[in-house]
Novice: 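Encoded as structure tokens, here's the structure I'll be asking about.
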Amino acid sequence: MLLRDLRARLVKYISGRLAEDVPESLRVEEPRNRKFGDLSTNAAMVLSPVVRKSPMEISSVISDEISDWEEVENVRTVKPGFINFDLREKFLIDALAETGRQKEDYGTNDSGNGIRINLEYVSSNPTGDLHIGHGRWGALGDVLSNIYMANGYTVCREYYVNDYGSQAAKFAECAAALYLGHFGYESVYPEDGYPPEAVSIAVDRLIETSGNIFLDKEGRLSEPESFKKKIINTMVERIAETLEKMDVRFDNWFYESSLYRKGNFQRILRFLREKDLVYNNDDAVWFRSTGFGDEKDRVVVRSGGEPTYFASDIMYLEDKAGRGFDRIIYILGADHHGYVDRLTAIGKALGIGEEKLMVIIGQLVNIIKDGMAVRMSRRKGKVYTLRDLIDDVGKDAVRYFFTGVSCDTPMDFDIGLARRRSNQNPVYYIQYAHARIESIFKKIEQEGPGGLSRDDINIDNIDFSDIEFKNRSEKGIAKALLLYPDAVFNSCENNAPHILSQYLLRLAAEFHQFYNKHRIIEVKGGTMSVNRSRLALVLLVRQVLKNALKILNISAPEKM
RNA sequence: GUCCCUGUAGCUCAGAUGGAUAGAGCACAGGAUUCCUAAUCCUGGUGUCGGCAGUUCGAAUCUGCCCAGGGACACCA
């Protein structure tokens with residue numbers, strides 16, 4: 001990791017020599033403006049208050065040190081106290097050779113040290129189709145999982161199925177009404193039920209696969225409990241199918257009902273009483289969540305004796321901790337942000353450290369249609385669902401749109417725009433870079449210069465010492481390639497897949513610019529030759545594009 | 001009323017723990033293809049970084065107060 005390694009080295013030099021503690025804010029980074037050089041550090045400025053010397057004074061000491069590094073050349077200090085420097089070509093070439101050797105592993109690191117993460121996302125109630133927002137959490141969770149794995153963590157992707165409470169019961173009730181109605185029997189549809197068109201998705205499917213097996217002779221449900229189980233599973237199947245359409249998959253579908261297996265609820269209740277974490281009031285059992293930072297106490301057992309959803313939350317978190325995860329991450333939609341305090345309260349009460357529990361809030365998605373915002377409420381009949389979106393624009397675009405912007409940003413999703421398969425969609429720009437490179441290789445293979453075989457354009461057989469930088473865009477590409485591992489690391493540190501998306505866009509841009517100016521297959525006086533240096537460079541670009549696209553799980557097409 | 005997120009170019013958004021002249025794409029105008037895919041490239045420019053104070057050598061970034069948009073505040077999930 002170029003930036004991180006250089007920073008670490010600088011910190012090591014400074015600590016004990018110039019200052020006891022090196023400020024966190026010390027950075028080695030690319031300067032915004034290219035004219036300042038390849039890299040830059042603010043070391044002198046952040047040290048100034050610590051050392052009580054002027055930045056310029058400190059910068060001369062530090063720039064002397066940096067000048068000794070074999071990676072860099074041309075170190076200079078500038079006005080307020082910045083130290084700017086360039087990367088030496090010899091270093092770039094050696095580093096690129098190493099990149100080529102690592103191939104599909106390039107960019108990964110083991111900073112995660114095998115730490116076990118449970119990442120829960122989507123977890124939409126199985127009471128209807130997924131909406132657009134779920135697509136965002138799905139893409140976010142999936143890519144974040146990939147990012148964590150690329151950084152050496154172990155990840156369990158989990159979906160929590162709410163199949164136990166009153167919402168599931170209500171859904172089953174609605175479904176039963178439609179089911180009986182379908183076979184011509186009288187049925188009463190619950191007044192406050194889910195929209196029938198949402199429920200019928202599952203009912204139609206159930207009838208298709210299982211026919212009337214839940215119907216008894218009197219025109220009633222023969223086995224209401226199995227019907228409920230079946231109808232919910234049918235909905236879950238449908239949800240899983242939708243998510244699979246965008247390549248979002250889970251390691252564990254965790255059923256809320258499984259928390260209530262033999263005596264588990266009584267066990268946790270006893271435990272909570274022993275710890276004095278609950279008390280009785282108004283015939284209900286309350287959890288002392290205010291004692292752990294929640295704004296109010298929460299009911300665990302209703303006056304009727306039924307456990308609440310909050311009871312499930314307690315057991316679920318306990319279960320996760322019991323499965324030995326070092327870190328438990330929830331991705332919640334902004335409409336559930338009120339959960340954060342509750343969850344952390346449970347965590348504290350159960351002795352799960354704050355550093356172990358993390359909640360990522362994803363802001364909502366607005367749908368824009370013909371310039372107008374469209375409300376997306378599942379309770380209001382026919383809406384534009386995630387399934388519709390994936391069918392309209394394809395999984396690559398969906399995934400890129402959702403992970404290309406910060407999850408803190410409420411996004412506007414313009415359906416009309418997303419439908420257009422045009423250059424307005426940046427994902428094509430990135431994929432096109434990959435397709436172009438493939439096309440070059442195909443050309444070399446098919447009608448390339450004599451004496452050049454397929455093996456010669458294999459990354460394993462390339463002599464990277466052939467690389468030379470004859471112009472700015474070649475060096476620019478090299479630098480961009482070497483910054484990839486930092487992008488992977490930073491996107492993990494910040495739980496921000498969009499850092500990776502942004503990086504990809506930049507690499508693609510570097511490539512397209514290069515491609516337009518310089519040729520890999522050169523033709524001189526009718527004879528064709530391949531520029532070995534550029535071939536090597538482009539092979540690496542392809543590798544990094546592939547690696548990054550794999551993390552985003554967006555396809556890298558060979559032709560477009 | 002309380003809490004969370006957001007407010008940056010005409011539009012969609014970057015700007016990762018404060019740093020050097022605030023960026024990209026789209027849209028708009030013009031140009032580039034006898035040659036590896038023009039889904040590309042090159043050239044054009046616009047900003048009271050929502051507002052007002054404060055902290056700092058230095059603020060789009062941190063703090064406070066306002067304004068605007070979205071969301072959340074059940075013995076529903």
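The sequence lines fix the lettering, A, B, ..., with proteins before strands; numbering per chain opens at 1.
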Novice: Once you round it to whole Å, what is the distance between P of B:G10 and CG of A:D412?
Specialist: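 To the nearest whole Å, that distance equals 17 Å.
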Novice: Does A:Q431 use its side chain to pair, donor to acceptor, with the backbone of A:S555 at less than 3.5 Å?
Specialist: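 Yes; judged by distance alone, with no hydrogens or angles, the pair exists.
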Novice: Using whole Å, what does the distance between atom P of nucleotide B:G71 and atom CH2 of A:W137 come to?
Specialist: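 The answer, rounded to whole Å, is 12 Å.
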Novice: Around atom CG of A:N280, are there more than 12 heavy atoms of other residues, nucleotides or ligands at under 6.0 Å?
Specialist: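 Yes, the 6.0 Å shell around CG holds more than 12 heavy atoms from other groups.
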Novice: Is A:T409 close enough to B:C5 that one of its side-chain N or O atoms is under 4.0 Å from OP1 or OP2 there?
Specialist: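 Answer no for this pair, as no side-chain N or O of A:T409 is under 4.0 Å from OP1 or OP2.
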Novice: Distance between the P atoms of B:C49 and B:G44, in whole angstroms?
Specialist: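 So the two P atoms sit 24 Å from each other.
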Novice: I want to verify a distance call: between B:A77, B:A14, B:A16, whose nearest atom is closest to the A:N494 side chain?
Specialist: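 From the listed options, B:A16 comes nearest.
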Novice: Check every atom of B:A20, B:C5, B:C75 against the side chain of A:P410 and return the nucleotide holding the closest atom.
Specialist: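 Closest nucleotide to the A:P410 side chain: B:C5.
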Novice: Can you tell which of B:G70, B:C75, B:A77 lies closest to the side chain of A:V299?
Specialist: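 That would be B:C75.
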Novice: Rounding to an integer number of Å, can you tell me how far A:K296 NZ sits from B:C3 C1'?
Specialist: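 Taking NZ of A:K296 and C1' of B:C3, I get 14 Å after rounding.
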Novice: Using the ring pair (Phe, Tyr, Trp, His ring centres under 6.0 Å) definition, which of the options A:Y330, A:W253, A:F254, A:Y255 pairs with A:Y159?
Specialist: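 Checked A:Y330, A:W253, A:F254, A:Y255 against A:Y159; only one passes ring pair (Phe, Tyr, Trp, His ring centres under 6.0 Å): A:W253.
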Novice: Regarding A:F310, tell me which of base, sugar-phosphate or nothing describes its non-hydrogen contacts under 4.0 Å with the strands shown.
Specialist: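 Since no nucleic acid heavy atom lies under 4.0 Å of A:F310, the category is nothing.
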Novice: Which nucleotide, B:A72, B:A20, B:A77, lies nearest any side-chain atom of A:D335?
Specialist: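 Closest of the options to the side chain of A:D335: B:A72.
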Novice: Can you tell me, in whole Å, how much space there is between the C1' of B:G15 and that of B:A38?
Specialist: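 It works out to 31 Å between them.
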Novice: What interatomic distance, in whole Å, is found between P of B:A74 and the corresponding atom of B:U12?
Specialist: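 Result for the P pair: 33 Å, nearest Å.
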Novice: Rounded to whole angstroms, how far apart are CG on A:D408 and C1' on B:G69?
Specialist: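 Distance, rounded to whole Å: 16 Å.
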Novice: Using the P atom on both, measure B:U34 against B:A39 and round to a whole Å.
Specialist: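 Roughly 16 Å separates the two P atoms.
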Novice: Rounding to an integer number of Å, can you tell me how far A:H434 NE2 sits from B:A39 P?
Specialist: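 The answer, rounded to whole Å, is 18 Å.
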Novice: So do the side chains of A:R342 and A:S289 get within less than 4.5 Å of each other, counting heavy atoms only?
Specialist: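 No, every pair of side-chain atoms sits at 4.5 Å or beyond.
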Novice: What's the closest nucleotide to the side chain of A:M560 if the choices are B:A20, B:A14, B:A39?
Specialist: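 Nearest listed nucleotide: B:A39.
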Novice: Which part of the nucleic acid, if any, lies within reach of A:D283 when heavy atoms closer than 4.0 Å are counted: base, sugar-phosphate only, or nothing?
Specialist: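 A:D283: no heavy atom of the nucleic acid under 4.0 Å.
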Novice: Could you measure between the two C1' atoms, the one in B:U55 and the one in B:U61, and give it in whole Å?
Specialist: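 Per the computed distance, 14 Å lies between those C1' atoms.
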Novice: Counting side-chain heavy atoms from C-beta on, which of B:A20, B:A39, B:C36 comes nearest to A:N84?
Specialist: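 Of all the options, the side chain of A:N84 is nearest to B:A20.
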Novice: Among B:C75, B:C5, B:A14, which is the nearest nucleotide to the side chain of A:Q502?
Specialist: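 Comparing B:C75, B:C5, B:A14 against the side chain of A:Q502, the answer is B:A14.
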Novice: Could you tell me the separation between the CZ atom of A:F514 and the P atom of B:C36, rounded to a whole number of Å?
Specialist: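 For the pair A:F514 CZ and B:C36 P, the rounded distance is 15 Å.
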Novice: Under 4.0 angstrom, heavy atoms only, what part of the nucleic acid is A:V523 near: base, sugar-phosphate, or nothing?
Specialist: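 If one applies the 4.0 Å heavy-atom cut-off, A:V523 turns out to touch nothing in the nucleic acid.
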Novice: Look at the side chain of A:T308 and the base of B:C75, then say whether one donor and one acceptor between them are separated by less than 3.5 Å.
Specialist: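 In this structure, the two groups form no donor-acceptor pair.
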Novice: Within the supplied structure, the quantity of interest is the number of heavy atoms (other residues, nucleotides, ligands) at a distance under 6.0 Å from A:K348 NZ; does it exceed 12?
Specialist: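 Counting neighbours around NZ of A:K348, more than 12 heavy atoms of other residues, nucleotides or ligands fall under 6.0 Å, so yes.
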Novice: Which part of the nucleic acid, if any, lies within contact of A:P31, taking any heavy atom under 4.0 Å across all strands shown: a base, the sugar-phosphate backbone alone, or nothing?
Specialist: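 It contacts base atoms.
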Novice: Whole angstrom is fine here: how far is it from CE in A:M411 over to P in B:G71?
Specialist: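 Value for this atom pair: 16 Å.
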Novice: Run the numbers on A:N151 and A:E493 for side-chain contact (heavy atoms from CB on, under 4.5 Å), then give the verdict.
Specialist: CA-CA 9 Å; A:N151 282 275; A:E493 283 284 287; over 6 Å; no
Novice: Check nucleotides 41-44 of chain B for protein N or O atoms closer than 3.5 Å to its own N or O atoms and list the pairs.
Specialist:
| residue | atom | partner | partner atom | Å |
| --- | --- | --- | --- | --- |
| B:C41 | OP1 | A:Y429 | OH | 2.4 |
| B:C41 | O4' | A:N516 | ND2 | 2.8 |

Novice: Which of the following nucleotides, B:A14, B:A77, B:A20, is nearest to the side chain of A:H498?
Specialist: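 Between B:A14, B:A77, B:A20, the one nearest the side chain of A:H498 would be B:A14.
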Novice: Test for a donor-acceptor pair under 3.5 Å between the base of B:A14 and the side chain of A:Y503, counting only N and O atoms.
Specialist: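 Donor-acceptor pair under 3.5 Å: no.
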Novice: Considering the options A:T41, A:N84, A:I83, which one meets the side-chain contact (heavy atoms from CB on, under 4.5 Å) requirement together with A:S63?
Specialist: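 Of the listed options, the one satisfying the test is A:I83.
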Novice: Within the structure shown, what part of the strands sits under 4.0 Å from A:E522 by heavy-atom distance: base, sugar-phosphate, or nothing?
Specialist: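 A:E522: no heavy atom of the nucleic acid under 4.0 Å.
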Novice: Kindly assign one of parallel, tilted or perpendicular to the pair A:Y503 and A:Y484, based on the angle between their ring planes and the thresholds 30° and 60°.
Specialist: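 The arrangement is tilted - the two ring planes meet at 30° to 60°.
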Novice: Using a heavy-atom cut-off of 4.0 Å across all strands, would you classify A:A334 as base, sugar-phosphate, or nothing?
Specialist: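 It contacts sugar-phosphate atoms only.
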Novice: Out of the candidates A:F413, A:W137, A:Y121, only one should pair with A:F402 under the ring pair (Phe, Tyr, Trp, His ring centres under 6.0 Å) rule; please name it.
Specialist: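 Of all the options given, the one that passes is A:F413.
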Novice: Using a heavy-atom cut-off of under 4.0 Å over every strand shown, decide if A:R342 touches base, sugar-phosphate, or nothing.
Specialist: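 Touches a base.
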Novice: Tell me which of A:F441 and A:E24 sits closer to the 5' end of RNA chain B, going by the nucleotide each one is nearest to.
Specialist: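 The residue mapped nearer the 5' terminus is A:E24.
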Novice: Set out, in order, the CA-CA distance, both residues' side-chain angles and the distance that settles side-chain contact (heavy atoms from CB on, under 4.5 Å) for A:V199 and A:F171, then state yes or no.
Specialist: CA-CA 7 Å; A:V199 182; A:F171 182 74; 3.9 Å; yes
Novice: How about NZ on A:K475, more than 12 heavy atoms from neighbouring residues, nucleotides or ligands closer than 6.0 Å, or not?
Specialist: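 Count over threshold, so yes.
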Novice: Is any N or O donor-acceptor pair between the side chain of A:S40 and the base of B:A20 shorter than 3.5 Å?
Specialist: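 Indeed there is one.
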Novice: Between A:P497 and A:L144, is there a side-chain heavy-atom distance shorter than 4.5 Å?
Specialist: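 They are in side-chain contact.
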Novice: A:E29 has an atom CD; how far is it from atom P of B:A16, in whole Å?
Specialist: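 Those two atoms, CD and P, are 9 Å apart.
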Novice: Please report the distance separating the C1' of B:C11 from the corresponding atom of B:U2, rounded so that it comes out in whole Å.
Specialist: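 It works out to 35 Å between them.
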Novice: What base-paired stems does RNA chain B take part in, with at least 3 consecutive Watson-Crick or G-U wobble pairs and both distances under 3.5 Å?
Specialist: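 B:1-7 with B:67-73, B:10-13 with B:23-26, B:28-32 with B:40-44, B:50-54 with B:62-66 - these are the stems of 3 or more pairs that involve RNA chain B.
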Novice: Nearest to the A:R27 side chain among B:A14, B:G18, B:G71, which nucleotide is it?
Specialist: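 The answer is B:G18.
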Novice: Starting from the 5' end of RNA chain B, give me the residue, A:H337 or A:N42, whose nearest nucleotide shows up first.
Specialist: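 Residue closer to the 5' terminus by nearest nucleotide: A:N42.
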Novice: Counting only side-chain heavy atoms from C-beta out, which of B:C75, B:G15, B:G70 sits nearest to A:R32?
Specialist: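 Nearest to the side chain of A:R32 among the choices is B:G15.
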Novice: Taking only the C1' atom of each, what is the distance from B:C65 to B:A77 in whole angstrom?
Specialist: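 The answer is 37 Å between these two C1' atoms.
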Novice: Answer yes or no: is there an ion pair linking A:D86 with A:K479, defined by an N-O contact shorter than 4.0 Å?
Specialist: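 Salt bridge: no.
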Novice: Roughly how far apart, to the nearest Å, are B:G7 and B:C13 at atom P?
Specialist: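 About 10 Å, rounded to a whole number of Å.
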